[in-house]
A.B. asks: 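Below is a structure I'd like to ask you about.
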Amino acid sequence: MIKKLVMATNNANKLREAREILSPLGIEVLSQREAGAECEPDENGTTFAENAVIKAKAVYEIVNLPTIADDSGLCVDALGGRPGVYSARYAPKGEECAKLLDEMKDIPDDKRQAAFSCTIAYIDENTLHTVSADCKGKIGYEEKGENGFGYDPVFLYGEKTLAEMTAEEKNKISHRGAALEKLYSFLKERNGD
Ligand code: IMP
């Protein structure tokens, strides 16, 4: 029976979302810091799953408690899936949207599809399991909206960018929200519910 999980992050938004979605299972989610694991492993994988496993393993080896870690990014069709696992390193923080819009300036409307992807890895003494989910949309032509972070202002989901949605609206359709829902089902089954 899993009663306590460590999330390999200190990001307050990721923790809040994981706690909200997993709370009906009665599982307490600790941050990396709360669990006493200060480490920053090299995210040198070539897929979201590889990087999620690298992060989960690094923290698990310190805390010896069931651990989850996520990795996510934006894959743009017209750019052959870039920036993908390099999304966080694509441009200095705050400049990623401008750089992407510039790279996409000659791409026609029907070729602007993109997807946010998220993989969450779960690890304990005898299990390694990953769940993944996507959020499909399009890259717009200008930055719109004040909410969110990263590429949200240029990622169109229907008529709105993710930065024009409230956190609640975004969590319902986001890659991370969907991956957390899959993790919820996995943990629920493990706990024998
Ligand atoms: P990480 O999984 O926290 O390392 O995120 C990787 C990078 O992908 C972030 O720095 C963002 O640039 C981008 N990213 C991941 N998820 C989102 C999202 O929901 N909105 C906007 N950008 C995102």
Side-chain angles (χ1 to χ4, degrees), residues 6-21 29 31-33 39-59 67-77 79 81-104 112-122 130-140 142-158 160-183:
V6 179
M7 189 168 191
T9 187
N10 289 315
N11 179 309
N13 288 321
K14 287 188 180 180
L15 283 160
R16 183 177 32 79
E17 205 182 339
R19 284 175 178 143
E20 270 167 25
I21 292 180
V29 181
S31 70
Q32 192 174 314
R33 192 174 298 127
C39 64
E40 273 198 44
D42 232 358
E43 293 178 37
N44 54 11
T46 56
T47 62
F48 298 117
E50 276 176 27
N51 280 339
V53 169
I54 288 170
K55 287 189 254 187
K57 273 191 177 159
V59 170
T67 299
I68 56 171
D70 80 338
D71 195 50
S72 58
L74 176 71
C75 302
V76 180
D77 288 9
L79 304 179
R82 282 191 304 114
V85 288
Y86 301 105
S87 294
R89 290 162 271 174
Y90 174 70
K93 257 201 176 33
E95 294 172 28
E96 55 276 74
C97 290
K99 181 171 174 187
L100 182 62
L101 289 176
D102 187 53
E103 260 207 273
M104 300 279 294
R112 298 181 73 89
Q113 293 87 350
F116 277 118
S117 280
C118 175
T119 296
I120 301 175
Y122 167 90
T130 59
V131 289
S132 302
D134 288 341
C135 172
K136 293 196 164 95
K138 285 177 97 173
I139 303 302
E142 56 180 329
E143 296 185 39
K144 277 189 185 165
E146 303 296 326
N147 304 328
F149 69 101
Y151 302 89
D152 282 347
V154 292
F155 188 91
L156 283 165
Y157 185 86
K160 273 188 188 178
T161 69
L162 295 190
E164 291 178 299
M165 295 184 176
T166 62
E168 208 180 27
E169 282 176 307
K170 179 180 165 184
N171 291 347
K172 277 196 195 125
I173 53 99
S174 85
H175 47 310
R176 198 169 296 105
L180 279 167
E181 292 294 346
K182 289 186 182 175
L183 180 72

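Note that ligands are numbered from 1 as they come in the structure, with each ligand's atoms numbered from 1 the same way.
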A.B. asks: Distance-only, no hydrogens or angles: does the K55 side chain make a donor-acceptor pair with backbone N or O of E43 under 3.5 Å?
C.D. replies: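 No.
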
A.B. asks: Which residue owns the protein heavy atom closest to atom 17 (C) of ligand 1, what's the atom, and how far is it?
C.D. replies: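 Among all protein heavy atoms, the one nearest atom 17 (C) of ligand 1 is F149 CZ, 3.3 Å.
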
A.B. asks: Between R82 (side chain only) and Y90 (backbone N and O only), is there a donor and an acceptor less than 3.5 Å apart?
C.D. replies: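 Such a contact is absent between R82 side chain and Y90 backbone.
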
A.B. asks: Going by the atom numbers of ligand 1, which of them fall below 4.0 Å from some non-hydrogen atom of K14?
C.D. replies: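 Close to K14: 1 (P), 2 (O), 3 (O).
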
A.B. asks: Can an N or O of E43 be found at a distance shorter than 3.5 Å from an N or O of ligand 1?
C.D. replies: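 No.
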
A.B. asks: What's the spacing between K14 NZ and S31 OG if we round to 0.5 Å?
C.D. replies: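 So the NZ of K14 and the OG of S31 are separated by 13.0 Å.
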
A.B. asks: Which residue and non-hydrogen atom of the protein lie closest to atom 20 (N) of ligand 1, and at what distance in Å?
C.D. replies: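 The protein heavy atom lying closest is D152 OD1, 2.6 Å.
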
A.B. asks: Can you measure from SG (C39) to NZ (K57) and round to the nearest 0.5 angstrom?
C.D. replies: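 Interatomic distance, C39 SG to K57 NZ, rounded to 0.5 Å: 14.0 Å.
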
A.B. asks: Under 3.5 Å between some N or O of ligand 1 and some N or O of Y151?
C.D. replies: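 N/O-N/O distance under 3.5 Å: yes.
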
A.B. asks: Please state which protein non-hydrogen atom is closest to atom 19 (O) of ligand 1 and give its distance, to 0.1 Å?
C.D. replies: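 Protein heavy atom with the smallest distance to atom 19 (O) of ligand 1: K170 NZ, 2.8 Å.
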
A.B. asks: Going by heavy-atom distance to atom 6 (C) of ligand 1, choose the closest among S87, S72, G84.
C.D. replies: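 Nearest heavy atom to atom 6 (C) of ligand 1 lies in S72.
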
A.B. asks: Please report the closest heavy-atom contact between L15 and N10, naming both atoms and the distance.
C.D. replies: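 Where L15 meets N10 most closely, the heavy atoms are CD1-C, 4.1 Å.
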
A.B. asks: Specify the closest pair of heavy atoms between G150 and C97, including all atoms of both residues, with the distance to one decimal.
C.D. replies: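 Heavy-atom minimum between the residues: O-SG, 3.3 Å.
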
A.B. asks: Nearest protein heavy-atom contact for atom 4 (O) of ligand 1: which residue, which atom, what distance?
C.D. replies: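 In this structure, atom 4 (O) of ligand 1 has D71 OD1, 3.8 Å as its nearest protein heavy atom.
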
A.B. asks: Which heavy atom in K136 sits nearest to a heavy atom in Y157, and how many Å separate them?
C.D. replies: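 Where K136 meets Y157 most closely, the heavy atoms are O-CD1, 3.5 Å.
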
A.B. asks: With only distance considered, is R176 within less than 3.5 Å of ligand 1 through an N or O on each side?
C.D. replies: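 Min N/O separation from ligand 1 is below 3.5 Å for R176.
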
A.B. asks: I need the atoms of ligand 1 closer than 4.0 Å to a non-hydrogen atom of G73, numbered in the order shown.
C.D. replies: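 Checking each atom against G73, I get 8 (O).
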
